[in-house]
Amino acid sequence: MQATSNLLSLFDATVPVLSRYLGQLQGLLNVAAQHIAAHGLPERDLLAARLAPDMLPLGQQVEVAVNFAFRTCAPLAQRAANLAAPVDASVAALTARISQAQAFLHDLRPEEFTDAAGRIADDSAGQADIHLDGLTYACQYALPNFFFHLSMVYALLRQQGVAVGKPDFDGWHVYPSPRAQTTISLAPDLL
C-alpha cells in the first residue's frame with residue numbers, strides 16, 4: 001500500500017480494492033460457468049436473469065461493475081475511461097472484459113493520483129450529470145456503485161441456484177462451501 005503522511009491515497013483506496021474484487025467477480029463467473037456445465041443450462045438464460053423486471057440482467061450487471069473500474073480510476077488518474085459497448089452476452093466475453101479492466105488497473109501508477117482528491121470528476125448517474133471532487137467521487141459515488149453491481153451479480157447467481165457464498169464474494173470469510181451438499185439425517189424417533 002502506498003500511504004502518504006499516514007493518509008490513505010486515492011490510489012490505495014481504489015486500485016487495489018477494484019483489482020481484488022474484479023478477481024472475486026471472475027471467481028463468481030467461474031462458479032457460474034461450472035454450474036452451467038454441470039446442469040446443461042443455456043448460458044444465455046443465466047445471463048438474462050433479473051431480480052425484478054426493471055433491473056438489469058446478470059450479464060449487464062457484470063458489464064456495469066467492470067465499467068465502474070474504469071469509471072472510478074480514469075478521471076482520478078486523468079486517463080481515458082475505455083468504456084466498452086455492451087459485450088457479447090457470454091461468460092467468455094465477460095471474462096475477457098474483466099481481464100481488460102485488470103490490465104488497465106495494473107498499468108496505473110500512484111503518482112497519477114497526486115492531487116486527485118481535488119480534481120473534478122464528471123459522470124452520468126442514470127439521467128443525472130454529476131460533478132464531484134475526486135475524494136467524494138471515489139468514496140461516495142464510484143466505489144459504492146461498483147459494489148452495488150457486484151452485489152447484484154452475487155444475488156442473481158444465488159437466486160438462480162448457483163452455489164456461491166460469502167467467501168466467493170469477498171474472499172475473506174470462511175464457511176462451509178455451498179457447493180458441498182450435506183444431508184441431515186434425523187433419528188427415526190424424531191420424525
Side-chain angles (χ1 to χ4, degrees), residues 13-74 81-108 125-126 141-186 190-191:
T14 57
V15 175
V17 173
L18 290 164
S19 182
R20 174 182 173 70
Y21 283 93
L22 283 173
Q24 296 306 119
L25 177 58
Q26 182 59 63
L28 291 170
L29 286 181
N30 292 345
V31 176
Q34 293 167 3
H35 178 83
I36 289 166
H39 294 90
L41 302 172
E43 186 177 89
R44 70 181 176 283
D45 290 352
L46 182 65
L47 295 176
R50 297 173 187 263
L51 287 177
D54 65 341
M55 291 182 74
L56 296 176
L58 175 62
Q60 283 183 283
Q61 295 286 356
V62 173
E63 290 175 30
V64 175
V66 173
N67 275 343
F68 261 104
F70 293 100
R71 289 170 70 178
T72 300
C73 295
N82 187 20
L83 297 178
V87 298
D88 172 34
S90 71
V91 173
L94 294 169
T95 294
R97 184 66 175 147
I98 291 170
S99 294
Q100 289 174 342
Q102 288 284 31
F104 170 76
L105 294 173
H106 180 74
D107 191 46
L108 293 170
Y141 169 72
L143 287 173
N145 271 281
F146 171 80
F147 281 106
F148 172 83
H149 291 284
L150 176 61
S151 296
M152 292 305 104
V153 171
Y154 173 81
L156 280 158
L157 291 175
R158 288 295 304 254
Q159 178 213 37
Q160 294 298 306
V162 178
V164 294
K166 196 168 184 182
D168 299 297
F169 181 87
D170 73 4
W172 297 108
H173 284 79
V174 176
Y175 298 113
S177 171
R179 290 181 285 285
Q181 300 296 321
T182 58
T183 304
I184 298 173
S185 300
L186 296 176
L190 296 176
L191 295 175

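Everything quoted here is computed from the prediction, not taken from an experiment. Counting from 1, the numbers follow the sequence of the chain as shown.
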#### Entry: Residue list, side-chain hydrogen bond (donor to acceptor under 3.5 Å, both in side chains) with Gln100, at least two apart or on another chain
Arg97

### Message
Taking ring-ring contact (aromatic ring centres under 6.0 Å, His included) as the definition, give me every residue that meets it alongside Phe147, ordered by chain and number, with sequence neighbours left out.
### Response
Tyr21

### Task
Taking the side chain as every heavy atom from C-beta outward, state whether Leu156 and Gln159 have any pair of such atoms under 4.5 Å apart.
yes

### Message
Just to verify, what does Asn82 make a side-chain hydrogen bond (donor to acceptor under 3.5 Å, both in side chains) with, not counting sequence neighbours?
### Response
none

### Message
With a 4.5 Å cut-off on side-chain heavy atoms, are Leu108 and Thr14 touching?
### Response
no

### Task
Kindly give the heavy-atom pair with the smallest separation between Thr72 and Ala142, and that separation in Å.
OG1-CB, 3.2 Å

### Query
Atom CZ of Arg20 and atom CH2 of Trp172: how far apart are they, to the nearest 0.5 Å?
4.5 Å

### Side chains of Leu56 and Val64 in contact at under 4.5 Å (non-hydrogen atoms)
yes

### Message
For Gln102, give me all partners under side-chain hydrogen bond (donor to acceptor under 3.5 Å, both in side chains), at least two apart in sequence or on another chain.
### Response
Ser19

### Test ring-ring contact (aromatic ring centres under 6.0 Å, His included) applied to Tyr141 - qualifying residues, sequence neighbours left out
Phe68, Tyr137

#### Entry: Pairs touching residues 145-156 that satisfy side chain to side chain donor-acceptor pair (under 3.5 Å), sequence neighbours left out
Gln61-His149, Tyr154-Arg158

N/O donor to acceptor pairs below 3.5 angstrom from side-chain atoms of residues 36-46, sequence neighbours left out:
residue : atom : partner : partner atom : Å
His39   : ND1  : His35   : O            : 2.9
His39   : ND1  : His35   : ND1          : 3.4
Glu43   : OE1  : Val91   : N            : 3.1

### Task
Determine the minimum heavy-atom distance between Ala101 and Leu22, stating which atoms define it.
CB-CD1, 3.7 Å

### Message
How long is the straight-line distance from CD of Gln60 back to CG of Leu47, given to the nearest 0.5 Å?
### Response
10.5 Å

### Summary
For residues 65-74, the salt bridge (charged side-chain N to carboxylate O under 4.0 Å, His left out) pairs (sequence neighbours left out) are Arg71-Asp123

### Message
Just to verify, what does His106 make a ring-ring contact (aromatic ring centres under 6.0 Å, His included) with, not counting sequence neighbours?
### Response
none

#### Entry: For Cys73 against Leu18, the heavy-atom pair lying closest together
SG-CD1, 3.6 Å

### Summary
The reported gap from CG in Asp168 to CG in Leu29 (rounded to nearest 0.5 angstrom) is 11.5 Å

### Query
What heavy-atom pair brings Leu25 and Ala65 nearest, and what distance separates the two atoms?
CD2-CB, 4.3 Å

#### Entry: side-chain contact (heavy atoms from CB on, under 4.5 Å) against Ala103, all qualifying residues, sequence neighbours excluded
none

### Task
Evaluate the side chain to side chain donor-acceptor pair (under 3.5 Å) criterion for residues Asn30 and Gln34: first the C-alpha distance (whole Å), next the side-chain angles of each, then the deciding distance (0.1 Å), finally the verdict.
CA-CA 6 Å; Asn30 292 345; Gln34 293 167 3; over 6 Å; no

